[in-house]
Amino acid sequence: MVNTTIMKKLIIENGPPLSGFVRVSGSKNAALPIMAASLAASGQIKIQNVPQLSDIFVMQSILDNLGADTSYNKIAEEMDILPNSALVTGSPKMELANRIRASFLVAGPLLSRFGQFKTALPGGCAIGTRPVDLHLKGFAALGADITLNQGYVEARADGLRGAEIYLDYPSVGATENLIMAAVLAEGITALGNCAMEPEVTDLCRFLITLGADISGIGTDTIIINGVKELVGGTYRIIPDRIEAGTFMTAACMKPGSDVTITNTENTHLRPVIAKLREMGANIIEPTPDSLRVYTTGRLNAVDVKTLPYPGFPTDMQAQLMALLAASTGRGVMTETVFENRYMHAAEMTRMGAQIKIDSRTAIIDGVTPLSGASVKATDLRAGAALVIAALGAKGTTEIIDIHHLERGYSGLDEKLRELGARVTTSVQ
C-alpha cells in the first residue's frame with residue numbers, strides 16, 4: 001500500500017515549454033467500481049491496467065478486510081481478486097471506509113450476492129455533500145430493508161427483485177451501485193436517468209464479461225436482466241480521461257509546448273478537446289488512442305459550465321481554471337455538479353490569479369505571468385490545478401499536501417520531468 005503518512009511536497013520551477021510523449025494510466029474512477037463489483041462474482045478475477053494509486057490500494061485493503069484474497073502486480077499493473085464465501089460476514093473497517101468515497105460501492109455487490117451488507121458512510125475529498133440517499137432509495141426499491149445507525153448503513157434482503165427505478169439526479173455512484181445490486185436480482189430492473197459516464201459503461205462491460213445481462217449501455221436508461229451467478233474473468237480498464245485532460249491542459253499552459261499523449265480514448269475527451277480548441281490550442285488526433293497538443297501563443301479565455309457526461313467534466317474544472325488564470329481576457333466558470341469545488345481558487349490567488357467567486361460561479365481575469373508561491377493542495381483536482389498553474393508561473397512554487405495528488409495521478413512528477421518540467425519531490 002502507498003504510505004501516505006510521510007508528508008511530501010512538490011517543488012516546481014519555471015522551465016522550458018513541455019515537449020515529448022506521455023502515457024496515460026488506467027482510469028481510477030473505472031477501476032474502483034470494477035474492483036468492488038468483483039465481490040458479486042464467484043470466480044477468480046483479473047483486472048488489467050490498474051493504476052498505482054493510493055485510492056486503489058485503499059480499496060484493495062477494503063476487499064481484503066471483507067475477506068477477499070487479492071494481489072497486485074506493480075510491474076504488470078494487474079490485480080487478482082478471489083471473492084470467496086467468507087465475504088458474507090464482512091464489514092469494512094470505518095477507518096478504511098472513511099478514506100475514500102468509493103468505499104460505499106461494495107454495498108451493491110454484497111447486497112446482490114449475499115442479501116446483506118454493513119458499511120460505514122463514505123469519505124473522500126471535501127468537495128460537497130454527495131449524500132448516498134439515491135443509492136439507498138434504489139436498494140429499497142429492489143427489496144432491501146435499510147438501517148442507519150452510528151455512522152453505519154446496513155441492509156438486508158430476502159432475495160432482491162427487479163424494479164423500475166428513476167434516479168432524481170444522474171449520480172455516477174448511485175448508477176454503479178444499483179447496477180451491481182440488480183445483476184443478481186430476480187427479474188428485470190429498468191434504471192432511468194442514469195449517469196452516462198464512460199466509467200459506468202466500463203463497469204457494465206466488465207459485468208457482462210462475468211456473465212451479466214445488461215443492455216442500454218452508454219444511454220440514460222440501463223436494463224438489467226438478473227442472472228443466477230457471475231463467474232470469474234479477465235478485464236482491461238479504460239484509460240483515465242481526467243489524467244489525459246490534465247496533461248492536455250498542462251501542455252497548453254506555456255506557449256511553445258508540444259506534447260503527444262498516448263493510451264487515450266479520444267471519444268471520452270470530446271468536451272475537453274472542444275473547449276481547449278475554442279481557447280486556441282492546436283490538437284491533432286493521429287490515432288483514436290493518442291493526441292498531440294501544441295501551442296504557439298497565449299490562449300484566449302472562454303466560459304465553461306460543468307455538467308454530467310457528455311458535458312464538460314467537473315473533474316477538469318480546477319485544471320481549466322488554472323489555464324484561464326493565465327489566458328487573455330475574462331472567463332466565467334460555472335460549477336453545477338458539486339457545491340464546494342472552488343477551494344483551489346484561494347490558493348491560486350497566492351500566485352497572483354485574479355479570481356472572484358460568487359456561489360457556484362467563478363470570474364477569472366487572465367494574468368501573465370502567474371508568480372510562484374507556497375500553496376496547498378486541498379483536494380485531488382485542486383492539486384492538479386496548482387501543478388498546472390506552477391508550470392506557467394514565474395519563479396518557484398511549492399505545493400504541500402500532495403498526498404491528494406497521489407490518490408489520482410500515478411507518477412505525476414516523473415511523467416512531468418520526462419516532458420522537461422523542473423519538478424522535484426521532497427519531505428515537508
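Residue numbers count from 1 along this sequence.
For the pair Met321 and Met333, the tightest heavy-atom approach, listed with the atom from each and the gap, is N-CE, 4.0 Å. When all heavy atoms of Ser38 and Pro83 are compared, the pair lying nearest together is O-CG, 3.1 Å. Residues Pro308 and Pro170 share a closest heavy-atom pair of CG-CG, 4.1 Å.
In this structure, Tyr166 places its OH atom where only 12 or fewer heavy-atom neighbours from other residues, nucleotides or ligands lie under 6.0 Å away.
Leu10 has its side chain within reach of Val423: a pair of non-hydrogen atoms, C-beta onward, lies under 4.5 Å apart.
Remark: the backbone N or O of Ser19 is not paired with any side-chain donor or acceptor of Asp258 at under 3.5 angstrom. Between the side chain of Arg99 and the backbone N or O of Val58, no donor-acceptor pair lies under 3.5 Å. In this structure, Thr175 contributes its side chain and Ala195 its backbone to a donor-acceptor pair below 3.5 Å. Judged by distance alone, the side chain of Arg241 and the main-chain N or O of His268 form no donor-acceptor pair under 3.5 Å. With hydrogens and angles ignored, the 3.5 Å screen pairs no side-chain donor or acceptor of Ser112 with any backbone N or O of Gly108. Checked by atom type and distance alone, the side chain of Arg23 never pairs as donor or acceptor with a backbone atom of Thr262 at under 3.5 Å. Distance alone, capped at 3.5 Å, places no donor-acceptor pair between the Asp358 side chain and the Thr361 backbone. Panel note: side chain Thr264, backbone Ser290; a donor-acceptor pair is recorded below 3.5 Å. Put simply, the side chain of Thr397 never gets that close to the backbone of Ala390: no donor and acceptor are under 3.5 Å apart.
Tyr409 and Arg381 are linked by a side-chain donor-acceptor pair at a separation below 3.5 angstrom, with hydrogens and angles left out of the test. Side chains of Thr70 and Asp64: a donor on one and an acceptor on the other come within 3.5 Å.
Aromatic ring pairs are classed by plane angle as parallel below 30°, tilted from 30° to 60° and perpendicular above 60°; the pair Phe139 and Phe104 is tilted.
Between the CZ atom in Arg205 and the CD1 atom in Ile237 there is a gap of 12.0 Å [rounded to 0.5 Å].
Under the side chain to side chain contact (heavy atoms under 4.5 Å, CB included) test applied with Leu320, the options Thr306, Leu276, Val272 reduce to a single match, Leu276.
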